[in-house]
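Worksheet: the structure to be examined is printed underneath.
Just so it is clear: chains get the letters A, B, ... in the order the sequence lines come, proteins before strands, and each one is counted from 1. Every heavy atom of this structure was used, including side-chain atoms; hydrogens, water molecules and symmetry mates were not.
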There are 2 protein chains.
Amino acid sequence: MTPKDPRWLTAEQRLAWLDMVRVLTRLPATLDAQLERDAGLSFFEYHVLSMLSEVPGHTLRLSRLAQLTSSSLSRLSNVVKRLEGRGLLRREPDPADGRASRAVLTDAGTAAVERAAPGHVTAVRELVVDPLDAVQLSQLHAAHERILDRLDPASSSRPEWLET
Amino acid sequence: MTPKDPRWLTAEQRLAWLDMVRVLTRLPATLDAQLERDAGLSFFEYHVLSMLSEVPGHTLRLSRLAQLTSSSLSRLSNVVKRLEGRGLLRREPDPADGRASRAVLTDAGTAAVERAAPGHVTAVRELVVDPLDAVQLSQLHAAHERILDRLDPASSSRPEWLET
DNA sequence: AGCGAATGGTTCAAGCGTCAAGTAAATTGG
DNA sequence: CCAATTTACTTGACGCTTGAACCATTCGCT
């Protein structure tokens, strides 16, 4: 507990971390609530559908989709099963690999994302984008990139279709 | 979907948001895994115990503890029950208010936090503090403060015992 | 070619979180 | 000073996530 103990944080670091934890827990909860209320989707479900909607052919292998959404394959498999049950996507065997499945967005799935997106984006604006000016947002982004270097050194959760 | 559509984000904003989502999902998962593995505690449980350990008397009302940990009272109630079962804290009726309960950290609870803290802090350092220089960290903190103005305008999750 | 290891995915049980309903005590306000 | 409301918390049912075990297919090696 001495100020120089390398195991602990300085007062400033500590306060910064505490506030980060507050964001880390409240922001997802708030977005989840908004999406659930206005579109009947969890944030994770929205994320899945939204990734599919951005990719050519509206289709991705489950393993890739799991990386992109930072989820376990097990969790994704369950969610995909439910979304398939709701008709928002379907599963197809991957012709290139007998083990693999592809999730394909249906028209209903596309419609669901398009219906959910405006409200979601509004929330993201309101909570994150608007309270920061352009410089602050790019600083925030830079910090996140540094953190992601550690969290995901292989960048496996980074969508390859987005330019830096 | 036009570039100026106020409902959508610019390419930069979008990329910044996407990377924030990656952090938002991976960082808690990583910290959870570390704590679970090394100390048998979830991040949320650690957070609860840690808040108690920082406060004079090692005791807080459940409602206040719920605010501080950004959780529902229901979730907290369940977790407190489990932690009480493990002997890490106990519940006492609040003499000042017949409806209220106070969670009190036991010696075993204190020991558990002290055992878990070094590894946890190391992880926080490694993933968040070390990859950023002092300026970047304070910029990150400033951004989080702006975001928290929206997420928690009443600052109810802010520990009152920490100076700004 | 063939064997062992790794990969892709599914499933099930156990645990945890959420939401709605319920109890009890304190506060408000008429 | 009593009824209605609000606050503090608990509980139970349900749904979701996790982790382990499992099967099938493909890859890597020799």
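Going from atom CZ of A/Arg61 over to atom C1' of C/dT7 covers 9 Å, rounded to whole Å. The distance between atom CG of A/Leu60 and atom P of C/dG9, rounded to the nearest whole Å, is 11 Å. For the pair B/Phe44 CZ and C/dG17 P, the interatomic distance rounds to 7 Å; values are reported in whole Å. Taking atom CG of B/Leu41 as the reference point, atom C1' of C/dC16 lies 15 Å away to the nearest angstrom. Atom P of nucleotide D/dG15 and atom CD of A/Glu45 are separated by 13 Å, given to the nearest angstrom. Atom P of nucleotide C/dA25 and atom CG of B/Leu62 are separated by 16 Å, given to the nearest angstrom. If you take CG of A/Asp32 and C1' of D/dC16, they are 12 Å apart, rounded to a whole angstrom. Remark: C1' of C/dG8 and CG of A/Leu65 are 13 Å apart, rounded to the nearest angstrom.
Using modelled atom types, one finds no donor on one side chain facing an acceptor on the other under 3.5 Å when comparing A/Arg91 with A/Ser101.
Annotation: the span from B/Leu88 atom CG to B/Thr106 atom OG1 amounts to 5.5 Å, rounded to 0.5 Å. Interatomic distance, A/Arg22 CZ to A/Trp17 CH2, rounded to the nearest 0.5 Å: 13.5 Å. Taking NE2 from B/His144 and CG from A/Leu27, the interatomic distance works out to 9.0 Å, rounded to the nearest 0.5 Å.
When the C1' atoms of four end pairs are superposed on the next four at each end of the helix from C/dA1-D/dT30 to C/dG30-D/dC1, using five pairs per end, the two resulting axes differ in direction by 40°, to 10°.
For the pair B/Ser63 and D/dC9, the criterion of a side-chain N or O lying under 4.0 Å from OP1 or OP2 is met. Remark: A/Lys81 is not in phosphate contact with C/dG9, judged by side-chain N or O atoms under 4.0 Å from OP1 or OP2.
Of the residues in residues 92-99 of chain A, those lying under 4.0 Å from DNA chain D by heavy-atom distance are A/Asp97, A/Gly98, A/Arg99. Residues from residues 67-76 of chain B that place a heavy atom under 4.0 Å from any atom of DNA chain D, listed by number: B/Leu73, B/Ser74.
Using a 4.0 Å heavy-atom distance criterion, A/Arg82 is classed as a base contact. Heavy atoms of B/Arg91 sit under 4.0 angstrom from primed sugar atoms or phosphate atoms, though from no base atom.
We find that A/Asp97 and A/Arg61 are joined by a salt bridge, their nearest charged nitrogen and carboxylate oxygen being less than 4.0 Å apart.
Looking at every heavy atom in both residues, B/Ser71 comes nearest to B/Arg75 through CB-CD, 4.0 Å.
Of the possible polar contacts, one joining the A/Ser53 side chain to the A/Ser50 backbone as a donor-acceptor pair under 3.5 Å is found.
You'll find that the side chain of B/Ala100 is closest to D/dA8, out of D/dT17, D/dT11, D/dA8.
The side-chain heavy atoms of A/Met51 and B/Leu18, taken from C-beta on, include a pair separated by under 4.5 Å. Side-chain contact between A/Ile147 and A/Met20 is present, with heavy atoms from C-beta onward closer than 4.5 Å. Taking 4.5 Å as the limit, every side-chain heavy atom of A/Leu49 sits out of range of all side-chain heavy atoms of A/Glu114.
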- Query: Yes or no on side-chain contact (heavy atoms from CB on, under 4.5 Å) for B/Phe44 and B/Asp32, after CA distance, side-chain angles and deciding distance?
  - Reply: CA-CA 8 Å; B/Phe44 182 67; B/Asp32 246 320; over 6 Å; no

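Heavy atoms of other residues, nucleotides or ligands lying less than 6.0 angstrom from CD of A/Glu12 number 12 at most.
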